[in-house]
2 protein chains.
Amino acid sequence: MQDSHTSESTQSNIEEAIVSGILSARIRPGTRLSENQLASVFGVSRTRVREAMMRLETRGIVTVSPRRGWFVVEPSAEEAMTVYEARRAIESGLLRGMRALTDEGRTVLVSHLEEEKAAMAAGDRQRLTCLMGDFHIRIAELGGNPILVDILRDLTARTILISMLYQSEFHAVQSHEGHCRIFGAMAAGDFVKAAELSVEHLDEVETGLDLTTRPDPLSELRSSLSLPPRTVSSRPSGTRKTATSKEK
Amino acid sequence: MQDSHTSESTQSNIEEAIVSGILSARIRPGTRLSENQLASVFGVSRTRVREAMMRLETRGIVTVSPRRGWFVVEPSAEEAMTVYEARRAIESGLLRGMRALTDEGRTVLVSHLEEEKAAMAAGDRQRLTCLMGDFHIRIAELGGNPILVDILRDLTARTILISMLYQSEFHAVQSHEGHCRIFGAMAAGDFVKAAELSVEHLDEVETGLDLTTRPDPLSELRSSLSLPPRTVSSRPSGTRKTATSKEK
DNA sequence: TATGGCTATCTTGCATACAAGACGGGTAAG
DNA sequence: CTTACCCGTCTTGTATGCAAGATAGCCATA
């Protein structure tokens, strides 16, 4: 709501402005991000825009098509599954390792769930998308581990892009109930249960996607030509296979 | 062994060369990374070096001290605990979600454990450090989720930096046995057990650190001046608090 | 009409130039 | 001897310029 302030505060908000735009479902997957445009919007030179892009690229949020442009990632169906799998692993591990819920934490979650309910009542789908992702980030924040928070924030951003691509209808009620159940287990101090519920919940959301609709209509063509079906990684370039111990 | 090839293959190996150097314990925490030096070593201009640095910064591997230089991170004791906590969460979540061990996977792990044993016999501490980290990356690779692999690779790099800072004596035997136990559980198909063992193992390793020795000898001074005790995050700058839903 | 090639334009890739700040050594004053 | 200050040097920060490639539209041709 308050971005696009062109000249004021010439920090490197570019990166977070974009992530924030994605987290709030204002930026769609596949959106073109022109270096020149961003540079003029933010009142800086291309250099800083490129820095932000590179950072976002290593965070798995944008991709560059050489000499064609930067684009917000459009996760393939395979990538989508990978993201959900990663989230299941991390979030369940996070919850299992949690100690207890402080009063403050309880308050945060309760008020968050209230917000969800309010948004559902208002029928504000965009806000709802945003909140549904936020719930998980909130939990991560409660865990108190900033590394996991950052990781999950980026995965949540990707998740939102995924849902913008593959989510035909929004099972908001189901998600909200899932969140309530998770909170219930946490409030009861049963974090093992919370972890299990979290996995279930993510499974449900993933199942609710229509991963058969291909946003890449060339995929079957691509595969019939036996080209690599699009590399799936959280990292861009040939980062695959970092020299691990044995160097040939 | 095969880096520092100055002119040949002017790709963007810079990033992975550094990560690889850390993973193999050849680059120590706190190492200064001069843009000019790297530029001449890799035969490129500072621009590309800076790109690599920025990427490594978002990966939590290097830090920049404004107008002073880039440095390989020196995790504080607090950060060290955060890293281990994150690894416990992720690795246990990963293992719990694993299906089964393929024959190929079994082979990979067995031969890896053989290598560990050989390195122990040879007393090659550097190689051992490298292998100890690699074991966990191998497991992640077996999981087949490239996102988790990348995350764990970076966390492993940080772990190695941590052990270079805080590990007084190397409990290689203990670690190796931990790995063997984890493998045993995996081979038996008991991934829940493997996850539990993995948590235990990481706990042991963390306990084996001497997190009281402060590589930042100013910390008590810093704290007595009530300055923030050094920000702990996987992300550098004011990335904290990405606009989540409620914008003000 | 359909097709092949050419060019104009727009994109990023990369290097370079210059500015701004940090640091260290020297020097002079106390 | 200690302290304060100044300046040269080295570092990164940022903008800009140019090159290389990609794309789209146009035109000639079959």
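Chain identifiers are assigned alphabetically (A, B, ...) following the order of the sequence lines, protein sequences preceding nucleic acid strands; residue numbering begins at 1 within each chain.
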Under-3.5 Å N/O pairs linking protein and nucleotides 16-20 of chain C:
{"residue": "C:dT16", "atom": "O4", "partner": "B:Thr47", "partner atom": "OG1", "Å": "3.4"}
{"residue": "C:dA20", "atom": "N3", "partner": "B:Arg67", "partner atom": "NE", "Å": "3.1"}

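If B:Ser34 and A:Pro66 are placed on DNA chain D by their nearest nucleotide, the residue sitting closer to the 5' end is B:Ser34.
As judged by a 4.0 angstrom heavy-atom cut-off over every strand, A:Ser65 is placed among residues making no nucleic acid contact.
Between the P atom of C:dT11 and the CZ atom of A:Phe71 lies a distance of 11 Å, rounded to the nearest Å. In this structure, A:Leu38 atom CG and C:dT11 atom C1' are separated by 13 Å, rounded to whole Å. One atom, CZ of A:Arg48, and another, P of C:dC14, lie 21 Å apart when rounded to the nearest Å. For A:Asn36 and C:dT9, the CG to P distance is 16 Å, given to the nearest whole Å. In this structure, the CZ atom of B:Arg50 is 8 Å from the P atom of D:dT12, given to the nearest Å. Between the C1' atom of D:dA24 and the CZ atom of A:Arg32 lies a distance of 13 Å, rounded to the nearest Å. Rounded to an integer number of Å, the gap from CH2 of B:Trp70 to C1' of D:dG13 is 10 Å. For A:Phe42 and D:dT14, the CZ to C1' distance is 17 Å, given to the nearest whole Å.
Ring pair B:Phe135/B:His112 is tilted by interplanar angle, where 30° to 60° counts as tilted.
Residues meeting the side-chain contact (heavy atoms from CB on, under 4.5 Å) test with B:Met98, sequence neighbours left out: B:Leu94, B:Leu95, B:Ile139, B:Leu142, B:Met186, B:Phe191. Partners of B:Thr159 under the side chain to side chain donor-acceptor pair (under 3.5 Å) rule, at least two apart in sequence or in another chain, are B:Arg87. Here A:Asn36 pairs with nothing under the side chain to side chain donor-acceptor pair (under 3.5 Å) rule; sequence neighbours left out. Applying the salt bridge (Lys or Arg N to Asp or Glu O under 4.0 Å) criterion to B:Arg46, with sequence neighbours excluded, gives B:Glu35.
Legend: ring-ring contact (aromatic ring centres under 6.0 Å, His included) pairs involving residues 52-79 of chain A, not counting sequence neighbours: none detected.
Here A:Arg68 does not reach the OP1 or OP2 of C:dT11: none of its side-chain N or O atoms lies under 4.0 Å away.
A salt bridge links A:Glu57 with B:Arg55: the closest approach of a Lys/Arg side-chain nitrogen to an acidic carboxylate oxygen falls below 4.0 angstrom.
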